[in-house]
*Asks:* 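The structure that follows is given in the form of structure tokens.
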Amino acid sequence: MTLAAYASDATASRGRRFTQAPARNRSEYQRDRDRIVHSSAFRRLVYKTQVFLNHEGDLFRTRLTHSLEVAQLGRSIARSLQLNEDLVEAIALAHDLGHTPFGHAGQDALNDCMAAFGGFEHNLQSLRVVDKLEERYPQFDGLNLTFETREGILKHCSHAHAEKLEQREPGGVGQRFLNQTQPSLEAQLCNLADEIAYNAHDIDDGVRSGLITLEQLQEVALFDDFRRQALTEFPYLRDKTQGRRLLYEALRRMLSAQVEDVIAASTSALVAAAPMSVEAVRLAAPLVQFGAEMRAKSQVLKAFLLKRLYRHPQVMHSMGQAQQVVRALFAAYQACPQEMAESFLVQPGVAGGAADAINASARVVADYIAGMTDRFALREHERLTGLKGASTDARLA
Ligand code: MG
């Protein structure tokens with residue numbers, strides 16, 4: 001596969017933080033992907049909530065299946081744009097490694113708990129997992145991934161955290177948030193593939209759960225145009241028993257249309273900007289994008305999902321319970337750090353004063369909780385408080 005001049009070339013990588021000899025049979029980005037697939041954090045994704053709590057049903061997306069879908073969509077688009085598929089795959093598979101149990105509800109609760117100790121951001125945590133928390137090598141912490149994979153993993157970052165990253169690693173992955181420059185096209189693509197993936201699978205999971213209906217979805221043109229198109233072509237899908245096939249046929253067409261739109265709009269943007277290197281890409285405006293019409297339609301879908309699914313009373317109830325679990329765990333481990341697994345009891349050596357030591361010990365608790373799967377968090381909650389958390393009620397249909 002020939003890469004475009006603006007693609008990331010593994011042989012021109014900015015490299016790893018700890019120098020390692022090149023692999024014999026794999027490119028540096030293939031090697032990153034393999035390290036991610038073999039990591040403990042990756043295996044935990046299967047038991048972490050995407051939207052529906054992990055125990056609410058076996059067919060709902062989890063963070064793992066979501067990440068696989070992002071990788072699939074990303075690779076398809078990357079191939080058409082002559083971008084580096086291996087880098088896209090590595091970033092996509094790692095992009096959610098830092099997610100807490102219980103999805104965004106868990107992250108918000110942990111961020112609240114950490115407010116006085118530097119906060120908690122899941123993108124930053126994904127980077128922390130691959131840079132520090134994975135323990136797999138004798139010579140260094142983390143997975144020692146290439147700059148380009150780490151750059152893609154750090155999708156967002158607050159200014160304050162970017163400054164801290166820049167202090168630790170001058171010219172590293174924090175710099176672009178201070179300079180307001182862009183990441184590689186492969187990173188930009190993963191960002192959009194993430195959005196395309198969750199918009200489609202949240203419709204699927206939402207309809208499966210019974211919390212949203214095809215009738216409600218008629219207000220979303222991006223979906224409903226394809227539902228009508230499918231009905232025109234296959235009139236027997238009007239039969240009530242064919243709802244699932246109708247849903248998937250509409251979703252399939254919606255996904256294809258979005259993929260084709262990104263390829264067309266990004267190709268135009270690339271032709272216009274004509275970047276001749278990754279460095280030129282970083283200095284240009286964002287180039288992987290939807291066309292204006294698709295962007296607007298996607299916003300309508302997102303607004304629909306926010307209102308009808310993410311803020312559905314039943315989802316909010318589950319998430320409220322999940323937040324209480326996270327808060328209770330944080331308080332319990334803060335009060336009694338010895339309740340954490342043994343490997344978390346080794347406090348990091350902290351330079352500085354008492355405030356730094358307090359922040360560092362809170363960070364260890366946050367790392368421990370963030371790494372938990374939904375079910376481990378619930379078990380720990382029950383063990384430490386004697387209370388059942390979100391495990392028994394609020395089940396979805
Ligand atoms: Mg994601």
Side-chain angles (χ1 to χ4, degrees), residues 32-33 36-37 39 41-54 59-78 85 87-108 110-111 120-130 145 148-158 173 183-206 251 254-255 258-259 262 286 288-290 295 298-299 301-303 305-306 309-310 315 319 322 370-374:
D32 281 359
R33 177 207 51 210
I36 291 158
V37 168
S39 70
F42 186 72
R43 288 196 296 283
R44 290 198 197 104
L45 293 178
V46 73
Y47 296 113
K48 288 196 177 195
T49 289
Q50 180 67 23
V51 171
F52 294 94
L53 296 184
N54 187 238
L59 283 173
F60 296 125
R61 265 65 175 191
T62 66
R63 288 267 165 220
L64 181 67
T65 54
H66 162 70
S67 301
L68 294 173
E69 290 181 34
V70 176
Q72 180 273 318
L73 287 163
R75 287 189 58 169
S76 288
I77 299 169
E85 280 184 61
L87 178 58
V88 166
E89 191 177 19
I91 296 170
L93 294 179
H95 85 283
D96 274 350
L97 288 179
H99 265 285
T100 61
F102 315 124
H104 283 279
Q107 117 114 11
D108 291 347
L110 197 51
N111 191 28
F120 179 88
E121 297 175 19
H122 67 85
N123 282 296
L124 209 54
Q125 191 70 10
S126 295
L127 186 69
R128 197 166 156 79
V129 167
V130 300
L145 303 180
E148 293 77 20
T149 301
R150 296 172 59 242
E151 172 192 51
I153 289 172
L154 193 61
K155 189 162 66 173
H156 304 293
C157 179
S158 63
V173 291
S184 71
L185 294 168
E186 287 80 358
Q188 294 181 34
L189 172 52
C190 285
N191 220 343
L192 200 50
D194 189 22
E195 181 180 333
I196 296 173
Y198 66 65
N199 280 337
H201 66 49
D202 289 350
I203 292 179
D204 181 11
D205 287 353
L251 283 175
M254 185 181 105
L255 278 173
Q258 287 177 289
V259 165
V262 171
V288 178
Q289 53 190 246
F290 280 134
R295 166 58 48 207
S298 173
Q299 298 294 3
L301 169 55
K302 282 171 98 147
L305 287 170
L306 179 66
L309 183 62
Y310 311 144
V315 172
M319 294 306 159
M372 291 180 181
T373 60
D374 290 13

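The basis for the numbers below is simple: all heavy atoms, side chains too, and nothing from hydrogens, waters or symmetry mates. Atoms within each ligand, like the ligands themselves, are counted from 1 in listed order.
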*Asks:* I'd like the atom name of the N/O/S atom in H95 lying closest to the Mg ion (ligand 1).
*Replies:*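 The closest N, O or S atom of H95 to the Mg ion (ligand 1) is NE2.
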*Asks:* For R61, is there an ion pair with D204 - N to carboxylate O distance below 4.0 angstrom?
*Replies:*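 Here D204 pairs with R61 in a salt bridge, since their nearest N and O are under 4.0 Å apart.
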*Asks:* What is the name of the N/O/S atom in D194 that sits closest to the Mg ion (ligand 1)?
*Replies:*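 Distance check against the Mg ion (ligand 1) picks out OD1 in D194.
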*Asks:* Output, in order, the C-alpha distance, side-chain angles, deciding distance and verdict of salt bridge (charged side-chain N to carboxylate O under 4.0 Å, His left out) for D96 and K48.
*Replies:* CA-CA 10 Å; D96 274 350; K48 288 196 177 195; over 6 Å; no
*Asks:* What atom name does the N, O or S atom of H66 nearest to the Mg ion (ligand 1) carry?
*Replies:*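 Result: NE2.
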*Asks:* Return the name of the atom in D96, of element N, O or S, nearest to the Mg ion (ligand 1).
*Replies:*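 When I compare the N, O and S atoms of D96, OD2 is nearest to the Mg ion (ligand 1).
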*Asks:* For R43, which residues count as a salt bridge (Lys or Arg N to Asp or Glu O under 4.0 Å) partner, sequence neighbours excluded?
*Replies:*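 So R43 forms no salt bridge (Lys or Arg N to Asp or Glu O under 4.0 Å) with any residue.
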*Asks:* Regarding R295 and E195, does a basic nitrogen lie under 4.0 Å from an acidic carboxylate oxygen?
*Replies:*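 E195 and R295: salt-bridged.
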